There are 4 protein chains.
Amino acid sequence: MSTETHDKYRLILQAAIEIISEKGLYNTSISDIVKKAGVAQGTFYLYFRSKNALIPAIAQNLISITMEKMKENTNKHTDFDGFLQTFIEAIYTITDEYKDVIVLCYSGLAIDHSMEIWESIYQPYYEWFETELERGIEHGEIIEQTNMQWTSKLIINLVENAAERFYIGRDQDMTKEQSMTEVFHFVRRSLTAK
Amino acid sequence: MSTETHDKYRLILQAAIEIISEKGLYNTSISDIVKKAGVAQGTFYLYFRSKNALIPAIAQNLISITMEKMKENTNKHTDFDGFLQTFIEAIYTITDEYKDVIVLCYSGLAIDHSMEIWESIYQPYYEWFETELERGIEHGEIIEQTNMQWTSKLIINLVENAAERFYIGRDQDMTKEQSMTEVFHFVRRSLTAK
Amino acid sequence: MSTETHDKYRLILQAAIEIISEKGLYNTSISDIVKKAGVAQGTFYLYFRSKNALIPAIAQNLISITMEKMKENTNKHTDFDGFLQTFIEAIYTITDEYKDVIVLCYSGLAIDHSMEIWESIYQPYYEWFETELERGIEHGEIIEQTNMQWTSKLIINLVENAAERFYIGRDQDMTKEQSMTEVFHFVRRSLTAK
Amino acid sequence: MSTETHDKYRLILQAAIEIISEKGLYNTSISDIVKKAGVAQGTFYLYFRSKNALIPAIAQNLISITMEKMKENTNKHTDFDGFLQTFIEAIYTITDEYKDVIVLCYSGLAIDHSMEIWESIYQPYYEWFETELERGIEHGEIIEQTNMQWTSKLIINLVENAAERFYIGRDQDMTKEQSMTEVFHFVRRSLTAK
DNA sequence: AATGAATGAGTCTTCATTCAT
DNA sequence: GATGAATGAAGACTCATTCAT
């Protein structure tokens, strides 16, 4: 049955995320994963071509979760400042919760020299942010940008970096709030200055 | 004599950088490295505790090269705008040249969950940039910042990200010059806006 | 099917006993064993956790064989003297046949500091001898002993030692028969004297 | 200087005994030994042909110590009973103190299939015991034996076994005193019965 | 005699993947 | 679709030994 089938896929993916997050990609064996998922060794290969094929699936999963949370949190704001603040807050929260998965995606994709996959998975995310930027421009809250998509990417990366530096790089000589405020002002100044 | 000794270390490190850059950390065997370095298998372990111990050494090496090039290129400028432009240009150039090494550092450190090592290696780099920022403030070219070091980190990461997206993420729907110009203005606006 | 499965275990164990007996534990590689057993390298690890895990299995096997032969040979005797003579004869025969396995068990267990495993494997053997001793006492052939089990252990070890000295230590300035006779009388005197 | 020279030999031997006793022969590297001895790697090979060449030296050393202690303790006795009691006591004490060295000798010699070396090292020990036995016979304390040397070996092995079972095999369901008493009576009965 | 850097052969063990049931 | 026993290639690492100084 298709539900049955999909169950095994999710079971394996979920187990993989949990174990790999904890132990890292190369310290995790297929055997670990199937044991946790409660399926047989061979079953893994019915759903994933290889061990490496897990990574894009995990990355995809992460972005899906991120976008879901993002839309949920930011849709109550009408002004750009409020949106930006909530956006930053959400990124910090997600980074905290999923730091291990984020790290595994970085390393997993880097290993294969397949960083460009990362970009393609991010695409809808960038587009969503671009729409929000455009709304800010229409409302006259921020200035016209030369290249909307590029600016979107820049800002998303900027905020993610700050959050990662805070949670993953353990660069915590500021509080979370101070760190977020700095990012907020940095971006805001850039978006509003003539 | 002491040169002899140091030679083996350099020989191995250089071979490691070249091969790992090309094939990735986990597709490279110690055997590959020592063969290229022209030393015996066991000699590797006289200089590195393990295969993973290579990564911090490689990262360190990368930062050293980066800072050297950076100082060399930027010291002819007296105004901040000129400095920033040269700085961005240098980052793009270095990223292009060392993209494989950069990727291997990311993935290598991520594998071990030792991203904080990255931060500690970056420390002198951050400090150098901070000094440049301060000079810009003294000259009245940019506005006072709440947290100098934090801003330094933010900007360095911002520029590196843009360059990495351009060269590693293959996000090349702009030219290199357009990309650099965007970054320049984004940063400049943020640093000069009241 | 279940025979199939058990076959691999037996195949590996048998090959291991033969090769290790001949070449010693540390001159034998897993590769040697699996080649002789006709299974794949990895298959070894499905049945034994490590190379060292072979030793207790081999020791167990040796004791099983020993007890089997022992019971077979001694059960025709009703008087203790006859039993003791046959017992000694059997030990000499087994020691001769399995001297290499005996040596490998000693050294193998000693390496791990796990000599106590040896004792636990011997337990049923000691108990069996104790029963025979008790029968001798009931029949009035030998005198009451303070500690039956302890005496059993002492005698078994005594006889084994003599046999090992004869076959392994190559201390052959007596014939096998003389050696056995000496042991017989030594033990008998001790068991019958008031 | 010859003292100098001999110093290094003793330094290495002593270090070897200590480390190998603790970690076992195959978990100890030459590197461990020379580090503890405070000499250079190459120096080891000036005094020992190979790693395995250590074992006979260690065994020899153990027997020397044993005989020394033995003579020291037993020479105050004139009757055989007193001698035997002291002998047993001494064996138990030495076994306790040197159990690790004993184990390493067993395993070390067994590995090479060179158990006969053990016998040759024991030779003077056997002879010394034989002399004591003869004295007992002259004094009419024990009966004439068919084969003096063989009986000596048997008894030494018997007592050592009991002690080893007590200290190494951890077969301690009797106290040390009970164990020793049993051995004493067992041997005494056998030596005095007609 | 003493050193210790260099060697490189040797081996255990892991693990992704296959395939007969 | 599901299983899991079997495979065997691959590789990190150890360590006894050598030798130029």
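Every value quoted in this text rests on a predicted model; they were computed, and no experiment measured them. Reminder, nothing fancy here: chain letters follow the sequence lines and each chain counts from 1.
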* **Check: E:dT17 base within 3.5 Å donor-acceptor of A:Gln41 side chain** => yes
* Asked: Could you state the OH-C1' distance from C:Tyr26 to E:dC12, rounded to the nearest angstrom?
  -> 11 Å
* To do: Check the distance between F:dC15's C1' and D:Asn27's CG and give it to me in whole angstrom.
  => 13 Å
* Tell me the partner of E:dA1, counting only Watson-Crick (N1-N3 plus N6-O4 or O6-N4) or G-U wobble (N1-O2 and O6-N3) with both under 3.5 Å; none if nothing fits. => none
* Asked: Looking at C:Thr43, does any N or O in its side chain come under 4.0 Å of the phosphate oxygens OP1/OP2 on F:dA6?
  -> no
* Just wondering, do B:Ile102 and B:Glu164 contact through their side chains at under 4.5 Å, heavy atoms? -> yes
* Determine whether B:Phe44 and B:Val39 make a side-chain contact, defined as any pair of heavy atoms from C-beta on separated by less than 4.5 Å. => no
* **Nearest-angstrom distance from the residue atom NZ of C:Lys23 to C1' of E:dT11** => 12 Å
* Asked: Below 4.0 angstrom from OP1 or OP2 of F:dA5, is there any side-chain N or O of C:Tyr47?
  -> no
* Structure fact -> For E:dT21, the nucleotide meeting Watson-Crick or G-U wobble distances (both under 3.5 Å) is F:dA2
* Asked: Of the candidate nucleotides F:dG4, F:dA6, E:dA16, which contains the atom at the shortest distance from the side chain of A:Tyr45?
  -> E:dA16
* Indicate whether any N or O donor in one side chain lies under 3.5 Å from an N or O acceptor in the other, for C:Asn61 and C:Ser64. => no
* **DNA chain E: 5'-proximal contact among C:Thr28 and B:Gly38 (nearest heavy atom)** => B:Gly38
* Interatomic distance where CZ belongs to A:Phe48 and P belongs to E:dA16 [whole Å] -> 14 Å
* To do: Rounded to the nearest angstrom, tell me the gap between atom NZ in B:Lys35 and atom C1' in E:dT7.
  => 16 Å
* To do: Taking A:Asp32 for its side chain and A:Thr28 for its backbone only, find out whether a donor-acceptor pair lies under 3.5 Å.
  => no
* Using a heavy-atom cut-off of under 4.0 Å over every strand shown, decide if B:Ile30 touches base, sugar-phosphate, or nothing. => sugar-phosphate
* To the nearest Å, give me how far apart CG (C:Leu25) and P (E:dC12) are. => 9 Å
* Mind checking whether B:Tyr47 and B:Leu13 have side chains closer than 4.5 Å, heavy atoms only? -> no
* Between D:Tyr9 (OH) and E:dA1 (P), how many Å, whole number? -> 15 Å
* Identify whether any heavy atom of D:Val34 sits under 4.0 Å from a base atom; if not, whether one sits that close to sugar-phosphate; answer base, sugar-phosphate or nothing. => nothing
* Structure fact -> Comparing C:Arg49 with D:Gly42, nearest DNA chain E nucleotide closer to 5' gives the residue D:Gly42
* To do: Return the nearest nucleotide to the side chain of B:Ser50; candidates are F:dC13, E:dA6, E:dA1.
  => F:dC13
* What's the CD1-P distance between B:Ile19 and F:dA12, to the nearest Å? -> 12 Å
* Are D:Ile33 and D:Leu54 side-chain neighbours, meaning at least one heavy-atom pair lies under 4.5 Å? -> yes
* Asked: Start at the 5' end of DNA chain F and walk down; is the nucleotide closest to B:Phe44 or to C:Leu46 reached first?
  -> C:Leu46
* Could you work out which one of F:dA16, E:dA2, F:dC13 sits closest to the side chain of B:Lys51? => F:dC13
* Does E:dT14 pair with anything, Watson-Crick or G-U wobble, both distances under 3.5 Å, and if so, with which nucleotide? -> F:dA9
